[in-house]
Amino acid sequence: MLNHDEVIRAAYEMQPLPASVRRLATLVDRDDVDLAEIIDVVSLDPMLTMKVLRIANSAFSSPRSSVETAREAVIRLGADMVLGISMSVCVGPTMSKPIRAYDLETGDLWRHSIAAALALEVGRKYSKHGFPQVAFTAALLHDIGKNILARFLDEATAETLRRGVLEGGVEFHEAELEVLSLHHGEVGALVARHWSLPESIVIGIQHHHTPELVDQDVSHATHLANEIAIAVSPAGLAAPATSSPEREARFIETLARFGIKRDDVEHICEGVKSRLDHVYAGVS
Amino acid sequence: MPLNTADLDYLRSLVLKRSGIVLGEEKAYLMESRLLPVARVEGMNTTTELVERLRQTQAGKLADAVVDAMTTNETLFFRDVHPFEALKKIVLPETIQARTPERKLHIWCGACSTGQEPYSISMMIREHFPQLGGWEIKILATDLSKEVLGRARRGVFSQLEVNRGLPAPMLIKYFKQSGTTWELKPEIRQMVEFREFNLIEPWPPMPVFDIVFMRNVLIYFDVPTKQKILGGIRQRLRKDGVLFLGGAETTLHVDDAYERVPYEKSSFYRPKAGLPAGAGGAAARAGR
């Protein structure tokens, strides 16, 4: 039996985020995001400035001319992406590790996470209503709980989870719930709380498979991001053998919430595919 | 070692007989995974040995432990949000208005598991309906598992459990942190009475209810059992009472004596007007 207290402790033992990243998360979560404040935070962190400049000049932001200062880079990328980039500096190495219990090779999970964040960046063009600012970061971190949970899964448990998906026909997080009485989204939410990230990011991570349970824009946006990422860059056991009617209905509801047409999903997937390799290389 | 077909059939039949829960053939992985710890607690190494022991003892505590292990206790605070919005915005205000002369409100949460649903209702009443101070408020919460009821009565939840659906302001207001756990304050805990009750066994005498929560319960049963449960509730629901079911559940084509009332993104059910009243209707007319 999985000891939940041990899982909670492991989540709370994750190395804290740098103060600059927590500050950025708080700023981006505000309704009236002040770019000047974000520029200040980035400018004071040389490593972050370098990363932001690299991404701003990469294929990620399709540059027409190069940018040379933190200010220009922040303006070009936008607040949500700057937060995502700052987060990637902290979590990229951890999320790039192989996770055998989830059939994830080196880099698989990080690539999938970047695809999810990109899905929102690309999907913005097709959405009538846009996404919450923090959804980009929630999408990037949505599977961080797998890094923790995998430490507690022996081969027999991992095999039971696989059987749940393949024989039982349940979604992966449902198999986790059935077998472990918790799922990786919940563990990821523990990490996000431990990091003092805004509640909206916590909710996006926790409910990326179950957006209807809280029915907030951020949960649906993170769900959409994950579904697109699974289509573009399937990550181990998360990739379903078949899509259930419930899963399809949930996806349709999410698309409708953001005013995205079903036919545009293919365009979003293509957009993510075309940029994923460059971006993955840029933030890894 | 995986269970063979005969052993799996035996276990499915045992669980069905004792709890009404239907376990499909595709759930073999789940039975093996949940029953191995039960076997180990009893000093056995395999689920095959467990089935052998069950066949010898027939019933008793071991069978109870098997049913307990196979019961899904997934629950969260304010599950699905929208039914609770309906409760807050329309069902409770209307019920309170109708019950003002008698100042009594009776609510039943069936298959309450570790108590998150009845406690959500208690917190909502305390938070949004201060006018009910001085009323007789009874929230009866039932489940078939002694073990989960014990946990529910204690009202102590892990960080993971409070993260499931509980808004942060309510966590701060109604819980006391103790190490890595959160303990519900007595004022909320005392509003709920927990009682053991197996829905497929003969129903004990119960009060008549204004509101019944029977959410995400019917999905585990076959149609005849669903009909029995819905009929039983109707007998104990006041004529203007309200039944909440889970999002994937309906009374349609199962018990057509209910009518569905859609409300925003959710719905609830009322006994249809004009049909012969059950005991609930009669009791309600007699003022209980």
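Numbered from 1 within each chain, the chains take letters A, B, ... in sequence-line order. None of the values given here were measured: they were computed from a predicted structure.
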If you tally heavy-atom pairs under 4.5 Å against chain B, which of Gly168(A), Ala175(A), Ala11(A), Ala156(A) wins? Gly168(A)

Hey, could you give me the [atom1]/[atom2] distance between [X] and [Y], rounded to the nearest 0.5 Å?
{"X": "Leu161(A)", "Y": "Ser33(B)", "atom1": "CG", "atom2": "OG", "result": "8.0 Å"}
{"X": "Arg34(B)", "Y": "Ser181(A)", "atom1": "CZ", "atom2": "OG", "result": "6.5 Å"}
{"X": "Asn163(B)", "Y": "Glu186(A)", "atom1": "CG", "atom2": "CD", "result": "8.0 Å"}
{"X": "Ser158(B)", "Y": "Asp5(A)", "atom1": "OG", "atom2": "CG", "result": "7.0 Å"}

Using non-hydrogen atoms only, which part of Ala248(B) is less than 4.5 Å away from chain A: side chain, backbone, both, or neither? neither

Side chain, backbone, both or neither: which part of Leu36(B) has a heavy atom under 4.5 Å from chain A? neither

Going by atom types alone, do Glu159(A) and Tyr29(B) pair a side-chain donor with an acceptor below 3.5 Å? no

For a quick test of reading the model, state the closest non-hydrogen atom pair linking His4(A) to Leu160(B) and the distance between them. ND1-CD1, 3.9 Å

Atom of Glu178(A), atom of Lys27(B) and distance for their closest heavy-atom approach: OE2-NZ, 2.6 Å

Given a strict heavy-atom distance threshold of 4.5 Å, which part of [X] is in contact with chain B: side chain, backbone, both, or neither?
{"X": "Arg9(A)", "result": "neither"}
{"X": "Leu213(A)", "result": "both"}
{"X": "Glu212(A)", "result": "backbone"}
{"X": "Thr160(A)", "result": "both"}
{"X": "Val7(A)", "result": "neither"}

Would you say [atom1] of [X] has more than 12 non-hydrogen atoms from neighbouring residues, nucleotides or ligands within 6.0 angstrom?
{"X": "Arg30(A)", "atom1": "CZ", "result": "yes"}
{"X": "Lys176(B)", "atom1": "NZ", "result": "no"}
{"X": "His129(A)", "atom1": "NE2", "result": "yes"}

Taking the basic N atoms (NZ, or NE/NH1/NH2) and the acidic carboxylate oxygens, is any pair closer than 4.0 Å for Arg163(A) and Glu32(B)? yes

Determine, stepwise, if the pair Leu182(A) / Arg164(B) fulfils side chain to side chain contact (heavy atoms under 4.5 Å, CB included). CA-CA 10 Å; Leu182(A) 53 74; Arg164(B) 291 173 174 160; 3.6 Å; yes

List the steps, then state whether side chain to side chain contact (heavy atoms under 4.5 Å, CB included) holds for Leu190(A) with Gln159(B). CA-CA 8 Å; Leu190(A) 286 172; Gln159(B) 186 67 52; 3.7 Å; yes

